[in-house]
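Atoms within a ligand are numbered from 1 in the order they appear, just like the ligands themselves. Here, residue 1 is the first one in the sequence, and each next residue gets the next number. It should be emphasised that the depicted structure is a prediction, and the values quoted were computed from it without experimental measurement.
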Amino acid sequence: MRVLVLGGTTEARELAGLLAEDARFQATLSLAGRTRAPAPQPLPTRVGGFGGTGGLADYLRAEGVRAVVDATHPFADRISANAETACALAGVPLAVLTRQPWMPGPDDDWRLVPDMDAAAAALAGLPDTVFLTVGRQELDPFMELRRRFVVRAVDPPDTLPAGAVLVLDRGPYTLDSEMALMRSHGVGVLVTKNSGGDATAAKLEAARALRLPVVMVDRPSAGSAPRLYAASDAMAWLAAHATSAGA
Ligand SMILES: NC(=O)c1ccc[n+]([C@@H]2O[C@H](COP(=O)([O-])OP(=O)(O)OC[C@H]3O[C@@H](n4cnc5c(N)ncnc54)[C@H](OP(=O)(O)O)[C@@H]3O)[C@@H](O)[C@H]2O)c1
C-alpha cells in the first residue's frame, strides 16, 4: 500500500523507521525543506511544498497514495489544514501522529497564552532576561521589545531582536545543561510553544528547578482526523487500512 508521511519531526522519523522495515507498505516521507542539514531518513524522501491543498490532492492521486499520516509538528498548522482538505478531496484516509502536550505541575509557574503576540505582551512585568525557544520564524512579535533576549534555534534566524544572544543547537537537552545555560545567561523567564515530547522538555524542568516563570504558547486548534500518540499506533492504523483496502 502506498503511504505518504508528512514529516519534519522525531515522530515522523520513528514512523519512517518502522515503515522501512515493513514490506506491506511503500512509503514516502515528505519534508518542507526548512532545515539546512536535515538528519538522514530511512525512507525515500521528497522535499518542498506541494503548492497548497490542490497540489497535495493532485500528488496523492498521481502517486496512488492510499493513506496519509500527518506527523508534522503540532505548530505546523498550515500543512495540517491542507492535509485534511486534500485527503478529503482525494478520498484518502488521514491520521495525525503527534505528541501529548506538556502539562504544568504544582511547582510550575506557567502563563498560558494563545499565540506569539500574546506571549510578547505577557512579558510585561516579568524579569528582563528572556530565553526564547519558539523557533526562528516566530521572532517578529519580540523584535521591538527592549529586553535582553537569549534566542535558541536549530538554524540561524534571518533577523534577531537587537542585542540578542544566539544559541544554535538542536538538542536533545538535559536538565543539567539547561540549568547551566539559563544560569550563565541570567535568564529570568522562559518563552516556549507547547510542542510536547521528551527531547526539549528539560527546559521546563530547569525553569521549575530555578523557579522561573514560563510563558507557554498553546497549540493551534486541531482538525478532525484521528490523533495517534505513538509510531506503533500509526502502524496499526495503517495496517487496518491496508487490510480494508485489500493491499
Ligand atoms: N512550526 C514549528 O514549530 C516546527 C517545529 C519543528 C519542525 N517543524 C517542521 O517544519 C516543517 C515546516 O513547518 P511550518 O510550521 O513552516 O509549516 P506550515 O506553516 O504548516 O506549512 C507551511 C507550508 O510549508 C509546506 N510544508 C510544511 N510541512 C511540509 C511537509 N512535511 N512536506 C511538504 N511541505 C510541507 C507546505 O507548503 P505547500 O502549501 O506548498 O504544500 C505548507 O503550506 C514541517 O514539516 C514541520 O513538521 C515545524
Side-chain angles (χ1 to χ4, degrees), residues 3-16 19 27-39 41 43-63 65 67-90 92 94-99 101-102 113-116 119 132-142 151-158 168-173 191-201 203 215-223 225 227-228 231 234:
V3 172
L4 177 67
V5 178
L6 299 170
T9 58
T10 311
E11 292 72 22
R13 197 156 65 244
E14 271 172 35
L15 177 60
L19 282 166
T28 300
L29 180 68
S30 177
L31 300 176
R34 299 279 191 283
T35 308
R36 285 184 194 166
Q41 301 287 346
L43 279 181
T45 301
R46 65 163 297 289
V47 179
F50 296 93
T53 301
L56 179 53
D58 289 346
Y59 176 93
L60 298 177
R61 291 191 195 99
E63 297 292 323
V65 172
V68 176
V69 178
D70 172 8
T72 58
H73 191 271
F75 280 80
D77 52 348
R78 198 133 48 96
I79 185 69
S80 293
N82 288 357
E84 284 246 12
T85 310
C87 285
L89 283 172
V92 175
L94 168 72
V96 175
L97 172 60
T98 189
R99 314 161 187 175
W102 293 314
V113 294
D115 55 37
M116 216 51 76
L132 269 185
T133 63
V134 295
R136 71 189 161 97
Q137 292 172 322
E138 308 269 16
L139 297 174
D140 280 358
F142 304 94
V151 175
R152 185 166 66 198
V154 175
D155 290 315
D158 292 335
L168 292 177
D169 201 346
R170 67 161 74 221
Y173 308 101
V191 181
T192 179
K193 305 191 278 200
N194 195 340
S195 301
D198 297 334
T200 57
K203 62 189 168 188
V215 176
M216 179 66 73
V217 182
D218 205 0
R219 293 183 176 192
S221 51
R227 301 177 80 68
L228 309 169

Distance filter under 4.0 Å to [X] heavy atoms, resulting ligand 1 atoms:
{"X": "Asn82", "result": "39 (O), 43 (O)"}
{"X": "Gly49", "result": "34 (N), 37 (O), 38 (P), 40 (O), 41 (O)"}
{"X": "Asp77", "result": "20 (O)"}
{"X": "Ser30", "result": "30 (C), 31 (N), 32 (N), 33 (C)"}
{"X": "Gly51", "result": "38 (P), 40 (O), 41 (O)"}

With heavy atoms only and a cut-off of under 4.0 Å, state how Glu138 meets ligand 1: side chain, backbone, both or neither.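 Neither part.
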Tell me whether [X] reaches ligand 1 (any heavy atom closer than 4.0 angstrom to a ligand atom).
{"X": "Gly52", "answer": "yes"}
{"X": "Gly55", "answer": "no"}
{"X": "Arg46", "answer": "yes"}
{"X": "Ser80", "answer": "no"}
{"X": "Leu31", "answer": "yes"}

Closest protein heavy atom to atom 19 (O) of ligand 1, given as residue, atom name and distance to 0.1 Å: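 It is Arg78 CB, 3.7 Å.
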Would you mind checking which non-hydrogen protein atom is closest to atom 29 (C) of ligand 1, with the distance to 0.1 Å?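 The answer is Ala32 CB, 3.5 Å.
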State, to 0.1 Å, how close Leu168 and Asp155 come at their nearest heavy-atom pair, and which atoms those are.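 Distance-wise, the nearest heavy atoms are CD2-C, 3.7 Å.
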Side chains of Ser30 and Phe50: does their closest heavy-atom pair fall under 4.5 Å?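 Touching, per the 4.5 Å side-chain cut-off.
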Residue pairs passing the salt bridge (Lys or Arg N to Asp or Glu O under 4.0 Å) test where at least one lies in residues 44-61, sequence neighbours excluded: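 For residues 44-61, and leaving out neighbouring residues, the salt bridge (Lys or Arg N to Asp or Glu O under 4.0 Å) pairs sorted by first residue read Asp58-Arg61.
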Tell me every residue that passes side chain to side chain contact (heavy atoms under 4.5 Å, CB included) with Pro220, counting only those two or more places apart in sequence or in another chain.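 So Pro220 forms a side chain to side chain contact (heavy atoms under 4.5 Å, CB included) with Phe75, Asp77.
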